[in-house]
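No experiment lies behind these values; they were computed from the predicted model shown. Any value given below was found using the heavy atoms of this structure, including those in side chains, with hydrogens, waters and symmetry copies removed. All chains are named by letter (A, B, ...) in the order of the sequence lines, taking the proteins before the strands, and each is independently numbered beginning at 1.
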Number of protein chains: 2
Amino acid sequence: MTRNADADRPYHHGDLRAALLGEAERTLRDRGIDALSLRDLARQADVSHAAPRRHFADRQALLDALAEAGFTRLADEVRAAIDDAGQDYQARLRAAATAYVRFATRDRALLDLMFGAKNDESPGARYGTPERLFTIVGDLVRQGQQAGQLPPGDPEPLRLLLVATLQGVAMLITSGLVGASQIEPLIADAVAVFARV
Amino acid sequence: MTRNADADRPYHHGDLRAALLGEAERTLRDRGIDALSLRDLARQADVSHAAPRRHFADRQALLDALAEAGFTRLADEVRAAIDDAGQDYQARLRAAATAYVRFATRDRALLDLMFGAKNDESPGARYGTPERLFTIVGDLVRQGQQAGQLPPGDPEPLRLLLVATLQGVAMLITSGLVGASQIEPLIADAVAVFARV
DNA sequence: ACCTGAACACCGTTCAAGT
DNA sequence: ACCTGAACACCGTTCAAGT
């Protein structure tokens, strides 16, 4: 039995890299990181087990790419939620937190990967680049300062603290430590803390 | 070549479970979770590769036990730091945050494991039990309320938010998103947020 | 009760060779 | 440039058998 019943399958896949990444995202979401194997992805893409090597040097490179795509999508979703929330600072803050938590709930294993410490390399080694997400959160902090709901001064520590809070809240939820019923009040309290008049 | 040059090695190990757990903790700390293998641990404990099965049904059970021990140790260290900090609420809060971050820095892979979503089981499935840590943080919140530095009312959402903040701050640091120089001001800001007069 | 040794089905990674 | 097929060294897990 060949790998494919279709005898016309071309030698070249076409866009193997994108196919592998898409399938990897789904597997990560549905079955967790332990179920993610290069050989299995190759099987699903109907190529030999060594073919992915052209596109991802090793498993680590695949995880890096997944985290990178994750940060891009998280930034997109938070950005869109803020834009949809109108001009009020507190509404935007609540929208950002809600979008963040929603992403975490849908893609918990991906979020673990994005914020997890890398195993092998130098102390600062990371998966993916969260710069854009950080910029978006920084804009929110500046707006809060202009609205007089955050203390003035260097926005940097507040920005870090807000990212940390979003991430911490999301983690409490995805790790199962906080039940669904507690999500709303938890976000409300977080917003209150970052919007004291 | 036998597994052991010592011909007097007894058939029974004595306390294989504890030996495996100790070695697993060290491996997790030094080489990350990917380097953690039951076969390797068995080799280091000088038993056959199937011997660990008596003590840990599978790899997941080992990870569960590691997370459990991690939560116990984290609670111990935070508790001790708070007790050493005297009676002032802000000093205790700062001590708790510092101890938490220190734990995270020393055992980043373990913390990822403790707060990571489990891959295989039901939605609420978790590694380890953080109840004692939560109780300690809850006591801190109640003290803050009594000191008039936290809003009165149900301490539960504030407790969750404080745990989330501690965890989020620690994660920003262990994931390499925040450099060592930013740790102090980040903790200071977090304390300020949870101690507004 | 606790451990051994062989076996099975899976990996990631490498590399010469094919198209 | 991209992919195949065989090979190697590793896993987790199972199970009959030993002490």
Check the distance between dT14(C)'s P and Asp58(A)'s CG and give it to me in whole angstrom.
8 Å

Once rounded to the nearest 0.5 Å, what's the spacing between atom OG1 of Thr129(B) and atom CE of Met114(B)?
10.0 Å

Between P on dG12(C) and CG on Leu62(A), what's the gap in Å once rounded to a whole number?
10 Å

How many Å lie between CZ on Arg53(A) and C1' on dG18(C), as a whole number?
18 Å

Comparing Ala50(A) with Arg54(A), nearest DNA chain C nucleotide closer to 5' gives the residue Ala50(A)

Can we say Arg108(B) and Asp112(B) salt-bridge, meaning some charged N sits less than 4.0 Å from an Asp/Glu carboxylate O?
no

If the cut-off is 4.0 Å, is Ser37(B) near the phosphate of dC11(D), judged by side-chain N/O to OP1 or OP2?
yes

With respect to the phosphate group of dC3(D), does any side-chain polar atom (N or O) of His49(A) fall under 4.0 Å of OP1 or OP2?
no

With Phe71(B) as partner, the option from Phe134(B), Phe115(B), Phe103(B) fulfilling ring-ring contact (aromatic ring centres under 6.0 Å, His included) is Phe115(B)

Per-residue pairing states of DNA chain C in dot-bracket (Watson-Crick or G-U under 3.5 Å; . unpaired, | other strand) read ||.|||||...|||||.||

Starting at the 5' end of DNA chain D, which residue's closest nucleotide do you reach first, Arg39(A) or Leu36(B)?
Arg39(A)

Take atom CG of Asp34(A) and atom C1' of dC11(C), then tell me their distance rounded to the nearest Å.
12 Å

SB check Asp40(A) Arg43(A) (cutoff 4.0 Å)
yes

Give the rounded distance in Å between these two atoms: NE2 of His55(A) and C1' of dC2(D).
7 Å

Leu36(A) CG to Asp30(A) CG distance, which is reported to the nearest 0.5 Å
11.5 Å

Looking at Arg43(B), does any N or O in its side chain come under 4.0 Å of the phosphate oxygens OP1/OP2 on dC11(D)?
yes

So, is Arg59(A) near the phosphate of dC11(C), with a side-chain N or O under 4.0 Å from OP1 or OP2?
no

What is the distance from CG of Asp46(B) to P of dG5(C), rounded to the nearest Å?
11 Å

Gap between atoms CG and C1', on Leu41(A) and dG12(C) respectively (whole Å):
13 Å

Considering all heavy atoms of both residues, which atom of Leu158(A) and which atom of Phe194(A) are nearest to each other, and what is their separation?
O-CE2, 4.2 Å

Under a 3.5 Å threshold, yes or no: a donor from one side chain and an acceptor from the other, between Asp139(A) and Gln143(A)?
no

Measure from CG on Asp40(B) to C1' on dA9(D) and round the result to the nearest Å.
13 Å

